Structure formats: C-alpha cells, structure tokens
Protein chains: 2
Amino acid sequence: MAVKKTKPAASTEAAPEPAGRVDLGLLDGLLGYRLRRAQLAVFQDFMTAMKDYDLRPAQFSVLAIIEANPGLKQSRVSEALGINRANFVALLDELEQRKLARRAAAAGDRRSNALYLTPKGESFLKEAYRHLLQQHERRIEAVLGSADKHLLLSLLDRLTAL
Amino acid sequence: MAVKKTKPAASTEAAPEPAGRVDLGLLDGLLGYRLRRAQLAVFQDFMTAMKDYDLRPAQFSVLAIIEANPGLKQSRVSEALGINRANFVALLDELEQRKLARRAAAAGDRRSNALYLTPKGESFLKEAYRHLLQQHERRIEAVLGSADKHLLLSLLDRLTAL
DNA sequence: TATTGTTATACTCTATAACTATA
DNA sequence: TATAGTTATAGAGTATAACAATA
C-alpha cells in the first residue's frame, strides 16, 4: 500500500536484508497448504465486502440455509453447515437478537425449533448477497474468469468427498 | 463409515424424517463456502495421516520452511507462513522442546534468532513427509488425478493473489 | 432410552498491546 | 527511534460432557 522502498544503497557491511524469497520447500507441492492460503484470501475478501453489513461467513451461511429451507429444524441447519449444535446456539441467538431470523415451534415435536427468516432478514440477506456479487464475486471472476471458476468449483467438490 | 441405513419403512404418520437433502441456496454459488469445505476435508485427512507423528499442519509447515531455509531468522519464518510473531513463539517452543528445531544466535544481530532443524528434526520431517505422500497425497490423487491436481494448484494460486 | 436445545467448559487460533534488549 | 523476540490477554472457532424437556 505504501511507497515501494527501492533500497539501492550499497552498504559496506554484509547485506542486512536476509535474502530474496523464502523457499517453500516441501510445502510447495502440498495441496492442503495452497488450499489454506487461497481460502484465507477469499474469506478475507468476503469479510471486507461484508464489513458494512457486519456479517461473517458463518452468519451468512446460516441465513442462506434458512432462506432456502424455511421451517427447517435447528439441528438440521447446524448439521448441514457442519457446526456443532452446542456452538450453533449463540450463533443463532445473535441473528435472532438482530431480528434477522427467528425460532418458532416445530409442528409435531415440542423439542425442536423450526427456523425462519424475518421479513427484515429476507431483505437483509438479499441486499447483502447483491453486494457480495458486485464486490466479492466480481473480484474473484476478475482473476479467474467464469469458466475457470466453475472448473474450480467442480475440482473442490471432488476434494470435499475425500 | 458405518452401515448405510436403508430405512424403507413406510409409516402411517406424516414423514418424521424432515425431507431429502438440505438446499444450499445462495451458498451453492459462493466460492468461499466451497473452498472452506474442501479445505476442511483436506486438513482432516492430513491430520489423520499425521496422527502417529503428532504433527499439525502449522507445525509441519514450520519444519518445512526451516528445512528449506536453514538459518532463516525467526521473524522471517513466521512472516512467510502468515503467523503472527507473538503466536509463533509457543509454536516454536514446542518444536524446540521436542528437539526437532533449535534457535541459534544470528550472525550480526543479537536481537534475532536463526532457526535450524536438529538432525532428529531432519529425519523426522523426511519420514513424516514420506508417510504423507503415501497416505494423504495418494488419497488426493485418487480423487483428482495428477493433471487435475496441478490444474487445481494453479487455480488456487490465482486466488491467493486476490 | 434416545433426541433437541441448552449451558458450561476447555483447547486451539488469531489479534493487539506492551515490555526488553538490542539496533 | 525502530526492530526482534517475548509475555499477557482477549476474542473467535471448535469439541465434549451433562442437564431438562420431550419423544
């Protein structure tokens, strides 16, 4: 972000700047390492785009699942996202306090909660998603292109089935 | 992993099992979500393969960087891996206690530590990596194939540059 | 007996501030 | 003044155990 230091000064004492690039060694061929770095970069970009909405990836995913499956039981939502049901409680509490989602009585099972978006939650999610497409996914397609993005998605799905 | 429940029993009361699959909704097209699921699956497989070595991904990455860049300063190692220098201290402490890596005086700067693998660390890393190739990367190539794995690596690199 | 939502708890990761010794 | 390593601390994310209500 700042001005690039050219640092051409040839000093007399041994080079104070260590060396050129750091060699990744064995890490270079490991898929997990490259996957992690890419995932961190994408999540960072996601959070930058959602900063004004105060929405983290996990929160967005909960809203998206509820929107697509209104009335789904709490346990099924957390399970679908791979979130421990105990940890899901506080996550949902916050969305409920923000009036984006709500817990309702589930038909036929008084132990369960059926989850729904509030009208505010519906419009909030739609607008957040629109913004996400314009900012975040747009930046991704700028470096990948549409064809390679879909190619990447299919490659990732094969890994998820590991 | 367990036996697949066929559950063909047609009960009289309304279907107790909610529905078929959960719809991912907006999540389906989001690259970040798919990336995260794939990364989690790959890290899980990595940890399974490294269970007997008691080596987590971050620990492996530190050993790999030091092996490829012996004598590199502590701050440069943590920086190369994107690990906060404050958090790197305990990580390195453990590797040093296990006699896999060591801190040495850096030539020309008494503030810095130069990092090296111990002979034990060298052979430990080599063996862990050999096992990783045989178990972990082998399973990955089984679902991806060599060509698609390299294709995936190049796609991921473009994202990391976001 | 088993399941749903919940609380409590602990352990890992990550992020920031501040100290020390050096530069 | 600035940097390298360190400590302390706080916040997320994640995992397990146990409880009450209900099935």
Side-chain angles (χ1 to χ4, degrees), chain A residues 2 5 7 11 13-18 36-37 39-41 43-44 46-47 50 54-62 71-96 101-115, chain B residues 5 11 13-18 32 36-37 39-41 43-44 46-47 50 54-62 71-97 101-115:
Chain A
K5 273 203 290 184
K7 183 119 195 194
S11 61
E13 38 277 354
E17 297 282 330
R36 175 175 166 269
R37 300 304 291 239
Q39 189 254 309
L40 253 47
F43 263 44
Q44 192 54 55
F46 179 101
M47 289 187 288
M50 287 292 96
D54 191 23
L55 207 59
R56 282 160 291 143
Q59 296 174 312
F60 180 90
S61 68
V62 171
L72 198 62
K73 287 195 291 180
Q74 185 170 324
S75 57
R76 296 261 296 162
V77 174
S78 63
E79 176 192 74
L81 291 170
I83 299 172
N84 187 310
R85 77 185 199 274
N87 299 328
F88 190 75
V89 175
L91 183 49
L92 185 57
D93 281 350
E94 201 188 325
L95 294 175
E96 205 169 27
R102 64 188 177 88
R103 287 179 243 236
D109 190 341
R110 291 194 300 174
R111 294 171 304 179
S112 300
N113 293 329
L115 303 188
Chain B
K5 272 202 288 184
S11 62
E13 39 277 352
E17 297 281 331
R36 173 174 166 270
R37 299 305 290 240
Q39 190 253 309
L40 253 47
F43 264 44
Q44 194 54 56
F46 180 100
M47 289 188 288
M50 286 294 95
D54 191 24
L55 207 58
R56 282 160 292 144
Q59 296 174 312
F60 180 90
S61 69
V62 172
L72 197 63
K73 287 195 291 180
Q74 186 169 323
S75 56
R76 295 261 295 162
V77 174
S78 62
E79 176 192 74
L81 291 170
I83 299 172
N84 187 313
R85 75 186 200 274
N87 299 328
F88 189 76
V89 175
L91 183 50
L92 185 57
D93 280 352
E94 201 188 326
L95 294 175
E96 205 169 28
Q97 279 155 20
R102 63 188 176 86
R103 286 181 244 237
D109 189 340
R110 292 195 298 174
R111 294 171 305 180
S112 300
N113 293 329
L115 304 189

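This is a predicted model, so every value here is computed, not measured. The chains referred to below are lettered A, B, ... by the order of the sequence lines, with proteins before strands, and numbering in each begins at 1.
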Roughly how many Å is it from [atom1] in [X] to [atom2] in [N], rounded to a whole number?
| X | N | atom1 | atom2 | value |
| --- | --- | --- | --- | --- |
| B:Leu72 | D:dG5 | CG | C1' | 15 Å |
| B:Arg37 | D:dT14 | CZ | P | 11 Å |
| B:Gln74 | C:dA21 | CD | P | 17 Å |
| A:Asp109 | C:dT3 | CG | C1' | 8 Å |

With a 4.0 Å cut-off on heavy atoms, is B:Arg110 in touch with a base, just the backbone sugar-phosphate, or nothing at all?
sugar-phosphate
Which part of the nucleic acid does A:Ala86 contact within heavy-atom distance under 4.0 Å: base, sugar-phosphate only, or nothing?
base
Inter-residue atom distance A:Lys73.NZ - A:Glu79.CD, 0.5 Å rounding:
10.0 Å
Enter the distance from A:Phe46:CZ to B:Arg36:CZ here, rounded to the nearest 0.5 Å.
11.5 Å
Does A:Arg56 use its side chain to pair, donor to acceptor, with the backbone of A:Met50 at less than 3.5 Å?
no
Please tell me if [X] has a side-chain N or O lying less than 4.0 Å from either OP1 or OP2 of [N].
| X | N | result |
| --- | --- | --- |
| A:Arg56 | D:dG13 | yes |
| A:Arg103 | C:dT6 | yes |
| B:Ser75 | D:dG5 | yes |

